Visitor: 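First the structure, which I've put down as structure tokens, then a few questions once you've had a look.
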Amino acid sequence: MNYRISQRAASLAPSLTLAIDSKAKAMKAAGEDVVGFGAGEPDFDTPQHIKDAAATALASGFTKYTASSGIAELREAIAAKFKQENGLSYKPSQIIVSCGGKHSCCNVILALCEQGDEVIIPAPYWLSYPEMVKLAGATPVILPTSDKTEFKITPEQLRAAITPRTRLFVLNSPSNPTGAVYSPEEIKALGDICVEKGVLIMSDEIYEKLVYDGARHASVAAFSQKHYDATIIVHGFAKAWSMTGWRLGFLAAPEPIAKAIDAVQSHSTSNPTSFAQKGAVAALTGSQAHLPLWLAEYSKRRSYAWQRLNAMPGITCVNAKGAFYLFPNISSLGLNSIDFCSRLLEEEKVAAVPGIAFGAEGYLRISYATSLANIEKGLDRMERFVRKIAGK
Ligand SMILES: *Cc1c(COP(=O)(O)O)cnc(C)c1O
């Protein structure tokens with residue numbers, strides 16, 4: 001047989017984090033006491049009323065194909081959310097429900113980008129963005145940042161990166177992996193440049209509700225009609241409702257783009273799971289009482305972890321204002337991020353993700369979506385490890 005792999009698939013980078021992740025899993029399976037800071041998902045359970053709504057739908061036989069872009073009831077609830085919370089008017093026909101926020105991103109990129117197109121992605125980035133761009137045959141253009149600018153790009157950086165080939169700018173605030181949150185003014189400044197240059201914006205707002213210290217999320221689409229016309233918002237249920245395994249995301253786009261994405265989706269996955277969509281309706285229209293409790297807990301963990309990290313010799317850490325990640329700088333310790341994480345796992349049984357996986361050497365990603373007791377235990381171990389390599 002000829003197992004020739006398409007260039008499209010062969011161009012994808014194997015996940016750098018996989019090796020460490022599978023090692024951590026193997027160690028856990030062997031009964032070792034591994035503390036995991038690698039999680040990219042909330043540690044809370046999905047709120048009960050959401051599960052109940054899906055269970056009821058399942059029991060009542062709501063188990064058939066739906067419209068490929070999602071049930072009308074859910075798209076209406078999403079439109080109402082955008083109206084109430086973001087001041088944005090979308091018709092249900094501009095909204096596509098997909099099998100996760102990741103699927104929404106992939107749909108956007110596949111529908112808009114092709115060979116010869118450039119997609120601007122600030123680093124550190126969510127590791128799937130550049131790979132999706134490559135899958136579409138287009139070219140990722142990475143804009144590096146550092147902790148000196150709290151991992152935010154400047155308007156000048158964006159302007160300088162735009163060429164006649166630039167098709168899309170990927171904005172992710174609050175950010176995975178850094179937790180950075182752009183202020184409304186900063187978002188507007190970036191949006192203004194895209195509007196001026198005719199560049200579309202994919203705004204991944206999945207961490208919208210997870211912000212701390214009075215930080216405010218702003219959607220770039222909300223600044224003017226021109227901003228709205230330039231923006232595709234990607235969102236989902238995974239983070240604010242802890243529904244990662246449900247595989248439900250959504251996007252809102254100008255009508256012609258939504259139509260194209262619907263066509264892509266109708267020939268690839270078709271609709272997201274029918275009864276899961278009923279759960280999502282309950283997520284949007286039911287009680288949001290879980291959210292302030294989760295935010296209070298995340299906030300407590302974040303403050304604790306941030307203080308502990310900054311107290312370690314040779315480590316500095318920006319206090320992130322959103323999501324559930326910290327991104328400490330380890331560059332003064334003399335190990336690259338993969339070696340640091342491999343040794344941290346082997347010598348102290350703590351799993352973290354190396355910054356290089358997100359396009360940023362010299363850092364790690366610490367997820368605090370785990371209990372305070374775990375965080376304390378893991379950081380005690382990490383401190384011992386850091387003192388050992390720093391010789392202090
Ligand atoms: C978690 C996440 C998503 C979406 O995840 P799904 O599980 O596919 O809904 C999208 N973007 C970022 C940056 C994320 O961290």
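Source: prediction; values computed, not measured. All ligand and atom numbering here is 1-based and tracks the order in the structure.
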Visitor: Decide whether N176 and K239 meet the rule of one side-chain donor and one side-chain acceptor closer than 3.5 Å.
Guide: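 There is no such pair (donor and acceptor under 3.5 Å, judged by atom type) between the side chains of N176 and K239.
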Visitor: Quick one: look at V234 and ligand 1, take heavy-atom pairs under 4.0 Å, and tell me if it's side chain, backbone, both or neither.
Guide: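 V234 to ligand 1: no contact under 4.0 Å from either part.
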Visitor: Using 30° and 60° as the class limits, which term best fits the ring planes of Y129 and W126: parallel, tilted or perpendicular?
Guide: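 Ring orientation, 0 to 90° scale: perpendicular.
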Visitor: Numbering the atoms of ligand 1 from 1, which are under 4.0 Å from a heavy atom of G100?
Guide: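 Atoms satisfying the 4.0 Å criterion: 8 (O), 9 (O).
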Visitor: So which heavy atom in the protein is nearest atom 13 (C) of ligand 1, and how far is it from that ligand atom?
Guide: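 Of the protein heavy atoms, D204 OD2, 3.5 Å lies nearest.
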Visitor: Apply the salt bridge (charged side-chain N to carboxylate O under 4.0 Å, His left out) test between E348 and each candidate in R381, R387, R384; give the one that qualifies.
Guide: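 Option passing the salt bridge (charged side-chain N to carboxylate O under 4.0 Å, His left out) with E348: R384.
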Visitor: For Y228 and F223, I'd like to know if the aromatic rings sit close, meaning centre-to-centre distance below 6.0 Å.
Guide: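 For Y228 and F223, the ring centres are not under 6.0 Å apart.
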Visitor: Below 4.0 angstrom from a heavy atom of R247, which ligand 1 atoms are there? Numbered from 1 as shown, please.
Guide: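 Here the atoms of ligand 1 in question are 6 (P), 7 (O), 8 (O).
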Visitor: So that I can tick it off, tell me whether E185 and K188 are bridged by a salt bridge, with the cut-off set at under 4.0 angstrom between side-chain N and carboxylate O.
Guide: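 Not counted as a salt bridge, because no side-chain N and carboxylate O are separated by less than 4.0 Å.
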Visitor: Can you report which non-hydrogen protein atom sits closest to atom 4 (C) of ligand 1, along with the distance?
Guide: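 Heavy-atom neighbour on the protein nearest atom 4 (C) of ligand 1: I206 CD1, 3.4 Å.
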Visitor: What do you reckon, does A238 put a non-hydrogen atom under 4.0 Å from ligand 1?
Guide: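 It does; at least one heavy atom falls under 4.0 Å.
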Visitor: Determine, for E150 against K321, whether the closest basic-nitrogen to carboxylate-oxygen distance falls under 4.0 angstrom.
Guide: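 No salt bridge links E150 with K321.
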Visitor: Any idea how F44 and Y298 line up, ring-wise: parallel (<30°), tilted (30 to 60°), or perpendicular (>60°)?
Guide: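 F44 vs Y298 ring planes: perpendicular.
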Visitor: When only distance counts, is H103 in polar contact with ligand 1, meaning an N/O pair under 3.5 Å?
Guide: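 Checking ligand 1 against H103, no N or O pair falls under 3.5 Å apart.
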Visitor: Quick one: look at Y129 and ligand 1, take heavy-atom pairs under 4.0 Å, and tell me if it's side chain, backbone, both or neither.
Guide: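 Side chain only.
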Visitor: For ligand 1, is any non-hydrogen atom under 4.0 Å from Y207's backbone (N, CA, C, O), its side chain (CB onward), both, or neither?
Guide: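 Under 4.0 Å from ligand 1, Y207 contributes side-chain atoms alone.
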Visitor: Students often mix this up, so state it plainly: with edges at 30° and 60°, are the rings of H235 and F250 parallel, tilted or perpendicular?
Guide: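 Aromatic pair H235/F250 classed parallel.
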Visitor: Return the closest protein heavy atom for atom 9 (O) of ligand 1 as residue, atom name and distance.
Guide: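 Checking every protein heavy atom, the shortest distance to atom 9 (O) of ligand 1 gives G101 N, 2.7 Å.
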Visitor: Which is closest to atom 2 (C) of ligand 1 by heavy-atom distance: M243, E41, K239?
Guide: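 It is K239 that holds the nearest heavy atom.
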